[in-house]
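Note sheet for the following structure.
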Number of protein chains: 2
Amino acid sequence: MPKQELPIVDVGVQVSAEACCAPLVCEPLDEAEATELAPLFKAIADPVRLRLLSLIACHEGGEACVCDLTVAFDLTAPTISHHLKVLKQAGLIDSERRGTWAYYWINPSVLARMSALLSPASALAATPA
Amino acid sequence: MPKQELPIVDVGVQVSAEACCAPLVCEPLDEAEATELAPLFKAIADPVRLRLLSLIACHEGGEACVCDLTVAFDLTAPTISHHLKVLKQAGLIDSERRGTWAYYWINPSVLARMSALLSPASALAATPA
DNA sequence: TCTCTAATTTGACAGAGATCTATATACGAG
DNA sequence: CTCGTATATAGATCTCTGTCAAATTAGAGA
């Protein structure tokens with residue numbers, strides 16, 4: 001039933017766009033950057049939301065219906081709804097209502113930014129000895 | 001009692017080592033994995049800790065003294081100490097006392113694991129329409 | 001030994017967050 | 001329009017977390 005619509009690239013993020021990609025091991029984060037980035041990690045700093053994000057990202061068609069998600073947890077629907085809202089407000093996912101059901105898909109660019117931030121700057125800072 | 005320091009080698013992590021690398025957009029995280037991974041993100045889900053991690057990672061020599069870190073914030077020493085403890089317990093950093101001062105360095109393998117988990121599955125969902 | 005400085009631990013408190021029940025909204029089918 | 005199902009919001013509660021002041025531990029030097 002979910003109509004597949006591939007929410008591809010579309011970098012229309014609310015975070016400051018391309019101010020993104022220097023890994024935090026390359027140059028020190030200033031306070032403003034840290035304040036902007038921390039909420040992204042806070043959004044996935046919960047097992048339920050991590051699984052939600054993964055379930056949505058892996059779902060065929062690139063999107064998942066809330067009904068698919070709710071059954072995967074031993075939690076009430078309002079709780080799932082709450083977690084989805086947190087993920088959405090962080091910009092990690094987006095949603096649309098189509099008829100009776102609501103569909104969610106991930107925003108890959110935000111995920112990419114977070115991944116890049118943590119990337120270990122290959123040649124740096126290894127070996128404590 | 002503060003004998004727990006152990007300037008151990010690198011991967012002395014409590015997480016299951018190399019069970020790491022499938023990005024969460026590739027296959028759905030199960031509950032156990034999510035429970036194990038969420039605390040890693042929780043550890044960096046705070047602006048102060050994000051900056052601490054970055055300051056430590058970028059510091060020359062690959063390690064930083066607590067005294068270097070404390071002055072970078074408008075927070076008391078106990079608060080910084082608390083945040084360092086959170087990062088250390090998550091396995092993101094390690095520390096050693098040398099003489100009067102305590103030094104911290106990052107554990108790159110844990111950071112790498114987190115980065116890989118969020119990596120947007122190169123070949124997936126990225127394909128330009 | 002005593003004292004000074006670096007860092008951590010303890011205890012307290014305010015604010016944030018996860019979950020539930022109950023209620024409300026949105027839509028489709030009769 | 002009315003009813004039933006799918007989501008979302010509101011409010012309450014209990015727990016977790018960030019911060020500070022005060023006390024404690026650890027090492028260097030006199």
Side-chain angles (χ1 to χ4, degrees), chain A residues 1-3 31 34-35 37-53 55-56 59 63-90 92-105, chain B residues 1-7 31 34-35 37-53 55-56 59 63-90 92-105:
Chain A
M1 313 63 173
K3 155 199 147 197
E31 190 174 341
T35 301
L37 291 165
L40 295 180
F41 292 104
K42 187 167 291 185
I44 61 168
D46 177 279
V48 174
R49 289 197 293 270
L50 256 191
R51 285 185 66 205
L52 278 172
L53 196 63
L55 286 169
I56 293 170
H59 205 271
E63 60 180 20
C65 172
V66 174
C67 56
D68 296 326
L69 302 172
T70 306
V71 299
F73 297 86
D74 201 18
L75 296 169
T76 64
T79 298
I80 299 301
S81 193
H82 162 71
H83 286 302
L84 289 170
K85 188 179 184 179
V86 172
L87 287 170
K88 184 171 180 175
Q89 286 179 334
L92 282 158
I93 58 176
D94 243 316
S95 70
E96 182 187 9
R97 181 171 198 132
R98 288 201 292 276
T100 306
W101 294 279
Y103 297 87
Y104 285 80
W105 58 86
Chain B
M1 55 263 308
K3 196 54 189 104
Q4 65 214 92
E5 311 223 340
L6 292 202
E31 189 175 340
T35 301
L37 291 166
L40 295 181
F41 292 104
K42 186 168 291 183
I44 61 169
D46 178 278
V48 175
R49 289 197 293 269
L50 256 190
R51 285 186 65 206
L52 278 172
L53 197 62
L55 286 169
I56 294 170
H59 206 271
E63 59 180 20
C65 172
V66 173
C67 54
D68 297 326
L69 302 172
T70 305
V71 298
F73 296 86
D74 201 20
L75 295 169
T76 64
T79 298
I80 299 301
S81 194
H82 162 71
H83 286 302
L84 289 170
K85 189 178 184 181
V86 172
L87 287 170
K88 184 170 179 177
Q89 286 179 334
L92 282 159
I93 59 176
D94 248 314
S95 70
E96 182 186 11
R97 181 171 196 135
R98 288 201 292 278
T100 305
W101 296 278
Y103 296 88
Y104 285 80
W105 58 86

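Just so it is clear, the values below take in all heavy atoms, side chains as well, and ignore hydrogens, waters and symmetry mates. In what follows, chains carry the letters A, B, and so on, assigned in the order in which the sequence lines appear, proteins first and then strands, with residues in each chain numbered from 1.
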As an exercise, state the distance from [atom1] of [X] to [atom2] of [Y], rounded to the nearest 0.5 Å.
X: W105(B); Y: I56(B); atom1: CH2; atom2: CD1; value: 10.5 Å
X: L75(A); Y: S81(A); atom1: CG; atom2: OG; value: 12.5 Å
X: L53(B); Y: L84(B); atom1: CG; atom2: CG; value: 10.0 Å
X: L50(A); Y: F41(B); atom1: CG; atom2: CZ; value: 6.0 Å
X: K88(A); Y: Y104(A); atom1: NZ; atom2: OH; value: 5.5 Å
X: L69(B); Y: L55(B); atom1: CG; atom2: CG; value: 6.0 Å

Given atom [atom1] of [X] and atom [atom2] of [N], what is their separation to the nearest angstrom?
X: L52(B); N: dG18(D); atom1: CG; atom2: P; value: 12 Å
X: I80(B); N: dG18(D); atom1: CD1; atom2: C1'; value: 11 Å
X: R98(B); N: dA26(D); atom1: CZ; atom2: C1'; value: 16 Å
X: L50(B); N: dG18(D); atom1: CG; atom2: C1'; value: 15 Å
X: K88(A); N: dA8(D); atom1: NZ; atom2: C1'; value: 11 Å

Can you give me the N/O atom pairs linking the protein to nucleotides 3-7 of chain D at distances under 3.5 Å, or say none if there are none?
unit_1	atom_1	unit_2	atom_2	d
dT7(D)	OP2	C67(A)	N	3.4

Anything under 3.5 Å between a protein N or O and an N or O of nucleotides 15-20 of chain C, put it in a table, one pair a line.
unit_1	atom_1	unit_2	atom_2	d
dA18(C)	OP1	R49(A)	NH1	3.3
dA18(C)	OP1	R49(A)	NH2	2.9
dA18(C)	OP2	R49(A)	NH1	3.3
dT19(C)	OP2	H83(A)	NE2	2.2
dC20(C)	OP2	T76(A)	N	3.2
dC20(C)	OP2	T76(A)	OG1	3.1
dC20(C)	OP2	T79(A)	OG1	2.7

Exercise. What pairs meet the side chain to side chain donor-acceptor pair (under 3.5 Å) rule with one or both residues in residues 42-52 of chain A, with sequence neighbours excluded?
Worked result: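 The answer is R49(A)-H83(A).
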Exercise. Which residues satisfy the side-chain hydrogen bond (donor to acceptor under 3.5 Å, both in side chains) test with T100(A), sequence neighbours excluded?
Worked result: none
Problem set entry | A90(B) to A43(B) - nearest heavy-atom pair and separation |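 A90(B) and A43(B) have their closest heavy atoms at CB-CB, 3.6 Å.
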For this session: List in chain and number order the residues that pass side-chain contact (heavy atoms from CB on, under 4.5 Å) with P47(A), two or more places apart in sequence or in another chain; answer none if no residue qualifies.
Result: A34(B), T35(B), A38(B)
For this session: Look at K85(A) and dA8(D) and indicate whether a side-chain polar atom (N or O) is within less than 4.0 Å of OP1 or OP2.
Result: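 It does not, given that no N or O in the side chain of K85(A) lies less than 4.0 Å from OP1 or OP2 of dA8(D).
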Close N or O pairs between protein and nucleotides 1-3 of chain C (under 3.5 Å):
none

